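Only heavy atoms go into these numbers, but all of them, side chains included; no hydrogens, no water, no symmetry mates. Quantities reported herein were computed from a predicted structural model and do not represent experimental measurements.
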Amino acid sequence: MHYKRILLKLSGEALMGNQEYGIDPERLKEYAEEIKKITDKGVEVAIVIGGGNIFRGVAGASRGMERVQADNMGMLATVINGLALQSALEMEGVPTRLQSAININEVAEPFIRRRAIRHLEKGRVIIFGGGTGNPYFTTDSAAVLRAIEIGADVILKGTRVDGIYSSDPEKNTDATKFDFISFEDVLRKGLKVMDTTAFTLSQENELPIIVFDMNTKGNLLKVVSGENIGTKVNL
């Protein structure tokens with residue numbers, strides 16, 4: 001495998017499948033199967049998942065809800081998704097631990113960096129829930145932060161699009177896909193990969209990001225094997 005330790009970032013919306021809300025059991029099972037393929041190859045896997053399929057803090061705040069309360073609800077939504085993904089992985093025979101940045105000791109371990117690394121070394125998948133534990137920070141920021149803390153080789157951002165384009169490929173058929181692009185070019189061109197805080201943190205710590213289509217079977221294994229899938233953002 002090209003990468004030994006990865007952090008996989010998934011959006012909460014990805015778990016909806018073709019539904020308008022909540023969690024699609026079939027999509028959850030597909031993701032668990034894809035993750036199992038790479039753990040069977042000895043890859044150490046950590047996962048950060050969003051909560052937008054249940055509640056999005058920014059959206060709540062835009063409708064008049066107090067921002068800190070809204071973000072707290074969004075962080076709890078990521079724990080719900082983490083529990084669902086943990087269950088799906090364990091049904092596939094993949095040992096999994098859920099760690100939360102918010103203390104919910106009855107359902108998840110607290111986030112402890114050394115414990116997380118030890119779980120990875122023992123072949124367990126780690127799901128990091130609760131975002132960073134702080135309002136005003138996205139799960140993109142949580143993904144980059146945790147990836148740096150555990151010494152991940154790369155951040156894999158699984159989306160429904162097969163990479164980074166010059167413009168939205170769903171709206172512009174003339175959009176050009178990039179196979180490789182630098183952090184500087186992403187910023188200069190104004191391309192949306194992650195929020196600015198997360199992206200800058202990744203750049204400062206020289207942590208590459210690969211954006212790829214998670215919904216195509218076999219893609220995750222191909223990316224981890226070093227195949228040219230999606231778009232790689234590097235220095």
Fill in: Asp24 side chain to Asn18 side chain, donor-acceptor N/O pair below 3.5 angstrom
no

Worksheet entry | Any donor-acceptor N/O pair, Thr231 side chain to Ile164 backbone, under 3.5 Å | yes

Worksheet item: Under 4.0 Å between a Lys/Arg side-chain N and an Asp/Glu carboxylate O for Lys232 and Asp179?
Response: no

Worksheet item: So, are Asp168 and Lys192 salt-bridged, with charged N and O less than 4.0 Å apart?
Response: no

Worksheet item: Where is the tightest heavy-atom contact between Arg113 and Glu149, given as atom of each residue plus distance?
Response: NE-O, 2.7 Å

Worksheet item: Strictly by modelled atom types, are Thr216 and Asp213 linked by a side-chain donor-acceptor pair under 3.5 Å?
Response: yes

Practice prompt. Decide whether Asn215 and Tyr31 meet the rule of one side-chain donor and one side-chain acceptor closer than 3.5 Å.
Written response: yes

Discussion item. When you compare the side chains of His2 and Glu227, does any donor N or O come within less than 3.5 Å of an acceptor on the partner?
Written reply: no

Worksheet item: Does a salt bridge link Glu33 with Lys37, judged by any charged N lying under 4.0 Å from a carboxylate O?
Response: no

Response to the item:
Closest non-hydrogen atoms of Ile23 and Ala84, given as atom of the first, atom of the second and distance, are CD1-CB, 3.7 Å

Discussion item. Between Pro169 and Lys177, is there a side-chain heavy-atom distance shorter than 4.5 Å?
Written reply: no

Discussion item. Out of the candidates Asp162, Asp140, Asp195, only one should pair with Lys157 under the salt bridge (Lys or Arg N to Asp or Glu O under 4.0 Å) rule; please name it.
Written reply: Asp140

Practice prompt. Can you measure from CD (Glu66) to CG (Asp71) and round to the nearest 0.5 angstrom?
Written response: 9.0 Å

Worksheet item: What is the minimum heavy-atom distance between Ile229 and Lys222, and which atoms define it?
Response: CG1-CB, 3.7 Å

Fill in: Least distance between heavy atoms, Gly131 atom then Ala101 atom
O-CB, 3.6 Å

Worksheet item: Taking the side chain from Thr78 and the backbone from Met75, do they hold a donor-acceptor pair closer than 3.5 Å?
Response: yes

Discussion item. Which residue in the set Gln99, Glu44, Arg114 passes side chain to side chain contact (heavy atoms under 4.5 Å, CB included) when paired with His119?
Written reply: Gln99

Worksheet entry | Shortest non-hydrogen contact between Gly51 and Asn81, atoms and distance | CA-ND2, 3.5 Å

Fill in: Rounded distance (nearest 0.5 Å) linking atom CG of Leu76 with atom CD1 of Ile104
5.5 Å

Item to complete: For the pair Phe111 and Phe128, name the ring-plane relationship: parallel under 30°, tilted 30 to 60°, perpendicular over 60°.
Response: perpendicular

Worksheet item: Can you find a heavy atom in the side chain of Asn172 that is under 4.5 Å from one in the side chain of Tyr165?
Response: no

Worksheet item: Is there a side-chain contact between Met194 and Val144 (heavy atoms, below 4.5 Å)?
Response: yes

Fill in: Worked check of salt bridge (charged side-chain N to carboxylate O under 4.0 Å, His left out) between Lys29 and Glu26
CA-CA 5 Å; Lys29 186 175 188 297; Glu26 286 302 313; over 6 Å; no

Practice prompt. Kindly compute the distance separating CD1 (Ile102) from CG (Asn105), expressed to the nearest 0.5 Å.
Written response: 12.0 Å

Item to complete: Test Val154 against every option in Leu7, Val223, Ile6, Leu8 by the side chain to side chain contact (heavy atoms under 4.5 Å, CB included) rule and name the one that passes.
Response: Ile6

